[in-house]
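Structure, as structure tokens:
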Amino acid sequence: EKTTSGASRTEFQLQARTPRLISRCREALAAAMGGTTRLWHPKWFSRYLWGTIASIHLTGFVADQTYGIDRKKNPEFMWPWWHEIMRKKEKGEIPMDMPGYMLCKYRNEPEERWTAEREEEYGEFMGAMDAE
């Protein structure tokens, strides 16, 4: 059978379906080559999550190297102010149960309240670290 344009009916049907066939072929080709654009592809976890964690660690390492931060323990490192407090506690100049932050010159608001509540108990020892 011929249509008005002179083409057979099957040719006309093929021409009508050609755009759909082409789009299907493109979709199949895209799927065969790794898929189309999408948010979560199969390797998103290993690529982005571990990549982010690695970037954070790398940034920290570079910062440590830049500013010369040494990440090794040094047994020669001393805490003279802490040892001084402990020696005074051992000699009995400061009570053993007195918190160390009560001897500090700077205290935050909760420490100030705690100190005010125990002023009677530890008041005489508050300036123990000032005398040298």
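- In this view, Trp82 satisfies the ring pair (Phe, Tyr, Trp, His ring centres under 6.0 Å) rule with no residue, not counting sequence neighbours.
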Take His83 and Met86 through the side chain to side chain contact (heavy atoms under 4.5 Å, CB included) test and state the conclusion after the steps.
-> CA-CA 5 Å; His83 291 295; Met86 291 298 108; 5.6 Å; no
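- A search for side chain to side chain contact (heavy atoms under 4.5 Å, CB included) contacts involving Pro80 returns Met78, not counting sequence neighbours.
- With sequence neighbours excluded, the residues that form a side chain to side chain contact (heavy atoms under 4.5 Å, CB included) with Ser46 are Lys43, Trp50.
- Note: Ile85 CD1 to Glu93 CD = 12.0 Å, rounded to the nearest 0.5 Å.
- Residues that satisfy the salt bridge (charged side-chain N to carboxylate O under 4.0 Å, His left out) test with Arg87, not counting sequence neighbours, are Glu90.
- Checked against side chain to side chain contact (heavy atoms under 4.5 Å, CB included), Asp70 has the following partners two or more places apart in sequence or in another chain: Lys72.
- Under the salt bridge (Lys or Arg N to Asp or Glu O under 4.0 Å) criterion, the residue pairs touching residues 54-65 are Asp64-Arg71, with sequence neighbours excluded.
- In the hydrophobic cluster analysis, where Ile, Leu, Val, Met, Phe, Trp and Tyr join through side-chain heavy atoms closer than 4.5 angstrom, Tyr67 is grouped apart from Phe61.
- By the rule that hydrophobic residues join a cluster once side-chain heavy atoms approach within less than 4.5 Å of another member, Trp79 and Ile94 end up as members of one cluster.
- For Leu49, the side chain to side chain contact (heavy atoms under 4.5 Å, CB included) test picks out Phe45, Ile53, with sequence neighbours left out.
- For Glu112, the salt bridge (charged side-chain N to carboxylate O under 4.0 Å, His left out) test picks out Arg107, with sequence neighbours left out.
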